[in-house]
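First comes the structure, then the notes that go with it.
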Amino acid sequence: MRALSVLGSTGSIGRQTLEVAAACGHRVLALTAHHNIALLEQQARTFHPILAAAADPTAAAALAMRLSDTDIRVLAGEEGVLAAARLPQADTAVTALVGIAGLAPTLAAIDSGKRIALANKETLVCAGQLVMEEARDFGAEILPVDSEHSALFQSLQGCRDRGEVRRLILTCSGGPFFGKTRTELQGVTRKDALQHPNWSMGAKITIDSATLMNKGLEFIEAMHLYQVPPEKISIVIHRESIIHSLVEYCDNGMIAQLGAPDMRLPIQYALTWPRRTAGPADPLDLCSCGPLTFAQPDLDTFRCLDLALKAARTGGTAGAILNGANEAAVALFLKDRIGFLEIADRVALALDRVPVIQEPSMTQILEADQAAREAVLSA
């Protein structure tokens, strides 16, 4: 039984977290959103948290009016989100915020010694070394919510000695454009890119899945979560999204985690570990899921993945530059201001222009992020 602060409760992961909480009996003590106060109000009335926060101050003022007949504290802005992350009565923070906006709240929850159910991969991409050091210093557990990282975490449960691990294998659906050439991708639209074959997700992560940047971000995240070098991580295209990731051991054996494409299972496992309980996730019917296929990713066509792998090997602020540039470029694409292939072009430009700093401070990480965004917007 967990007491939760759900940071980003109106997004896809946040909504599914609340489904899990309702089904499994976890208490929800804090909710945050950016500006979707209609849904946030509905969630607050359903779960009766101690506090609700909206990052947008205007939205927070409107939410306070809507909830004025309740005893729920309503807070505004970044300070409100940080207060939710630190809430003393909550033992677990589900960090489901999108982008680098999730970094400061995740650190706030870590500094409060909470269990972190981490759904914000940008936190580790941008500041992995710093975040993992903070978690060790404050005794905070970081448990992954991404389906791939949850699969690795589950597949490592029987590992007595991490020296027995040969490599971690991240699976990748390939997105909506698997098998396409660069020529065929020239004219794809926002609508095309938002048609993920297996998962229902927010717009930004769906575009990242289409460019394969999402898998590159997960690659960097895996390095920090499991303290492994890049040469011990591989990526394989698995169109069916049934095997969520695998661990290969030194004896050539592999352990994998299988399941239906349902994010409620990894969310639930991050909350209940080391126990398993019945929950709302869909079961997997092996007899109806069809053949399972595997292929190598095409790094020439999907340049974003190649750029991410290079940033992973560079280290330092390269992850923050990569992520900031990608967030800015995806935002332009979603506004129809650049083409699909230009996302990679803008990210490459930022990586070329912004100097990399090894062992950066938090200030230097945020400066690298901002410089990368400026490079994308000025191109």
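As the structure is a prediction and not an experimental result, all values here were calculated from the model. Reckoned from all heavy atoms, side chains included, excluding hydrogens, waters and symmetry mates.
Looking only at distances, no side-chain donor or acceptor of His26 sits under 3.5 Å from a matching main-chain atom of Met1. Proximity of a side-chain donor or acceptor of Asp298 to a complementary backbone N or O of Thr301 within less than 3.5 Å is detected. Without hydrogens or angle criteria, Lys215 side chain to Gly174 main chain gives no donor-acceptor distance under 3.5 Å. Checking side-chain atoms of Arg66 against main-chain N and O of Glu41 turns up no donor-acceptor pair under 3.5 Å. Within the 3.5 Å criterion, the main-chain N or O of Leu299 finds no donor-acceptor partner in the side chain of Arg303. Within the 3.5 Å criterion, the main-chain N or O of Val20 finds no donor-acceptor partner in the side chain of Arg264. In this structure, the side chain of Gln364 engages the main chain of Ser361 through a donor-acceptor pair within 3.5 Å.
Other residues, nucleotides and ligands contribute over 12 non-hydrogen atoms within 6.0 Å of the CE atom of Met362. Within a 6.0 Å radius of CZ in Arg182, more than 12 heavy atoms belonging to other residues, nucleotides or ligands are found. Heavy-atom neighbours of Glu359 CD from other residues, nucleotides or ligands within 6.0 Å: at or below the threshold of 12. Around CD of Glu342, the count of heavy atoms belonging to other residues, nucleotides or ligands within 6.0 Å exceeds 12. The 12-atom threshold is exceeded at NZ of Lys204, counting heavy atoms of other residues, nucleotides or ligands nearer than 6.0 Å.
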- Message: Run Leu51 and Leu75 through side-chain contact (heavy atoms from CB on, under 4.5 Å) and show every step you take.
- Response: CA-CA 7 Å; Leu51 70 84; Leu75 301 178; 4.2 Å; yes
- Task: Determine, step by step, whether Arg115 and Asp91 satisfy the salt bridge (charged side-chain N to carboxylate O under 4.0 Å, His left out) criterion, reporting the C-alpha distance in whole Å, the side-chain angles of both residues, the deciding distance to 0.1 Å, and the verdict.
- Result: CA-CA 6 Å; Arg115 171 176 288 193; Asp91 56 46; over 6 Å; no
- Task: Show your reasoning for whether ring pair (Phe, Tyr, Trp, His ring centres under 6.0 Å) applies to Phe302 and Phe177.
- Result: CA-CA 9 Å; Phe302 296 93; Phe177 304 134; 7.5 Å; no
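Judged by distance alone, the side chains of Ser12 and Gln16 do bring a donor and an acceptor atom under 3.5 Å apart. Under 3.5 Å, the side chains of Gln268 and Thr277 contain a donor-acceptor pair of N or O atoms. If you check the side chains of Asn252 and Arg166, you find a donor sitting under 3.5 Å from an acceptor. Donor-acceptor pairing under 3.5 Å is lacking for the side chains of Gln129 and His224. Side-chain contact annotation: Gln257 with Ser155, donor-acceptor N/O pair under 3.5 Å absent. Residues Asn323 and Asp369 bring no donor and acceptor atom of their side chains to less than 3.5 Å of each other. Checking His196 against Ser173 by side-chain atom types alone, a donor-acceptor pair falls below 3.5 Å. Thr46 and Gln42 share no donor-acceptor pair across their side chains, judged by distance under 3.5 Å alone. A side-chain donor-acceptor contact under 3.5 Å links Gln157 and Trp273. Using a 3.5 Å distance cut-off with no hydrogens or angles, the side chains of Thr293 and Arg239 do not pair a donor with an acceptor.
A side chain to side chain contact (heavy atoms under 4.5 Å, CB included) with Ser245 holds for exactly one of Ile169, Asp146, Leu170; it is Leu170.
Counting heavy atoms from C-beta outward, Cys172 and Leu212 have side chains that approach closer than 4.5 Å. Leu143 places none of its side-chain heavy atoms less than 4.5 Å from the side chain of Leu118. The side-chain heavy atoms of Gln358 and Val356, taken from C-beta on, include a pair separated by under 4.5 Å. Proximity of Met213 to Leu305: side-chain heavy atoms (C-beta onward) are nowhere separated by under 4.5 Å.
In this structure, CG on Leu31 lies 9.5 Å from CG on Leu7, to the nearest 0.5 angstrom. Between the CD atom of Gln43 and the OG1 atom of Thr17 there is a distance of 10.0 Å, given to the nearest 0.5 Å.
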